[in-house]
Amino acid sequence: MAPTFGIGKICYIELPAVDVRRSAEFYRAVFGWNIRTRGDGATSFDDSVGEVSGAWVVDRRPATEPGMVVYIMVADAAAACKAIVDAGGEIVRAIDPNSPEIFAHFSDPARNVLGIYQDSNAAKTRS
């Protein structure tokens with residue numbers, strides 16, 4: 001299935017990395033991202049549904065403080081938090097049991113802060 005194209009769609013993300021191989025393995029293991037090598041030799045990714053792609057860059061500082069936060073959809077936030085920690089990441093804002101929305105913030109191996117957002121429908125669409 002081809003990605004959805006349209007004006008205004010977020011389509012590409014550059015993630016700062018200290019060790020590109022380690023970061024790539026982290027996102028593959030935790031979120032099922034497809035890791036590939038671009039024509040120019042850079043390591044890049046496609047998200048697990050093929051809608052967003054990107055690459056790791058080593059010429060930028062990691063986004064270690066929450067400013068703009070990108071959230072990755074998961075079917076089970078608690079399981080995702082465990083997978084993040086098991087793969088070498090850190091939970092920097094735990095799931096709030098009193099919140100009507102289920103989400104958490106984590107830092108990846110380069111210390112970029114991103115979020116996870118639980119949507120129970122995600123399990124139905126994951127291939």
Side-chain angles (χ1 to χ4, degrees):
M1 190 160 108
T4 305
F5 293 100
I7 295 170
K9 177 189 185 329
I10 294 174
C11 63
Y12 194 82
I13 298 172
E14 291 180 333
L15 287 170
V18 174
D19 178 335
V20 171
R21 183 175 292 159
R22 183 170 178 226
S23 289
E25 177 54 27
F26 173 84
Y27 285 96
R28 186 206 58 75
V30 176
F31 301 110
W33 288 6
N34 175 50
I35 308 305
R36 58 187 167 79
T37 303
R38 291 190 324 208
D40 65 359
T43 301
S44 61
F45 64 84
D46 299 298
D47 71 0
S48 62
V49 296
E51 290 285 327
V52 178
S53 62
W56 288 275
V57 294
V58 294
D59 60 347
R60 291 189 210 137
R61 290 183 311 184
T64 59
E65 295 292 325
M68 182 184 94
V69 179
V70 174
Y71 287 82
I72 301 168
M73 187 176 292
V74 299
D76 182 336
C81 286
K82 181 179 182 328
I84 287 164
V85 171
D86 289 349
E90 179 182 344
I91 303 304
V92 297
R93 180 176 181 183
I95 297 167
D96 179 350
N98 298 314
S99 175
E101 302 285 334
I102 302 173
F103 68 95
H105 291 168
F106 70 93
S107 64
D108 69 7
R111 310 229 7 106
N112 292 298
V113 174
L114 290 92
I116 56 168
Y117 177 82
Q118 179 175 305
D119 185 329
S120 58
N121 291 315
K124 298 173 189 170
T125 59
R126 183 158 186 177
S127 53

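- Proximity of N112 to P16: side-chain heavy atoms (C-beta onward) are separated by under 4.5 Å at one or more points.
- Of all the heavy atoms in P109 and F26, the pair that sits closest is CD-CG, 3.5 Å.
- Between the side chain of D47 and the backbone N or O of E51 there is at least one donor-acceptor pair closer than 3.5 Å.
- Between F31 and F106, the ring planes are tilted. Angles from 30° to 60° get that label.
- Judged as a salt bridge (Lys or Arg N to Asp or Glu O under 4.0 Å), and not counting sequence neighbours, R22 has no contacts.
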Which atom pairs, donor and acceptor, lie under 3.5 Å between side-chain atoms of residues 55-62 and protein residues at least two apart or in another chain?
residue	atom	partner	partner atom	Å
R60	NH1	E14	OE1	2.9
R60	NH2	E14	OE1	2.5

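- For R93, there are no salt bridge (Lys or Arg N to Asp or Glu O under 4.0 Å) partners at least two apart in sequence or on another chain.
- Side-chain contact check for S44 and R38: no donor-acceptor pair (N or O, by modelled atom type) lies under 3.5 Å.
- Note that CZ of F103 and CD1 of I116 are 10.0 Å apart. Values are rounded to the nearest 0.5 Å.
- Once rounded to the nearest 0.5 Å, the distance linking CG of L114 with CG of L15 reads 6.0 Å.
- Separating the OG atom in S48 from the CG atom in N34 is a distance of 10.0 Å, to the nearest 0.5 Å.
- The side-chain hydrogen bond (donor to acceptor under 3.5 Å, both in side chains) test applied to S99 returns no partner, not counting sequence neighbours.
- Under a hydrophobic-cluster definition in which Ile, Leu, Val, Met, Phe, Trp and Tyr are linked whenever side-chain heavy atoms come within less than 4.5 Å, directly or via other members, I91 and Y27 are assigned to the same cluster.
- In terms of the salt bridge (Lys or Arg N to Asp or Glu O under 4.0 Å) criterion, R21 has no residue partners (sequence neighbours excluded).
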(request) May I have the step-by-step check of side chain to side chain contact (heavy atoms under 4.5 Å, CB included) for V52 and K9, ending in yes or no? (result) CA-CA 9 Å; V52 178; K9 177 189 185 329; 4.2 Å; yes
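- Residues F45 and R36 form no side-chain contact, since every pair of their non-hydrogen atoms from C-beta on lies 4.5 Å or further apart.
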Pairs under 3.5 angstrom only: tabulate donor-acceptor contacts from the side chains of residues 64-88 to other protein residues two or more places apart or in another chain.
residue	atom	partner	partner atom	Å
Y71	OH	H105	NE2	2.7
D76	OD1	A78	N	3.1
D76	OD1	A79	N	3.0
K82	NZ	D86	OD2	2.6

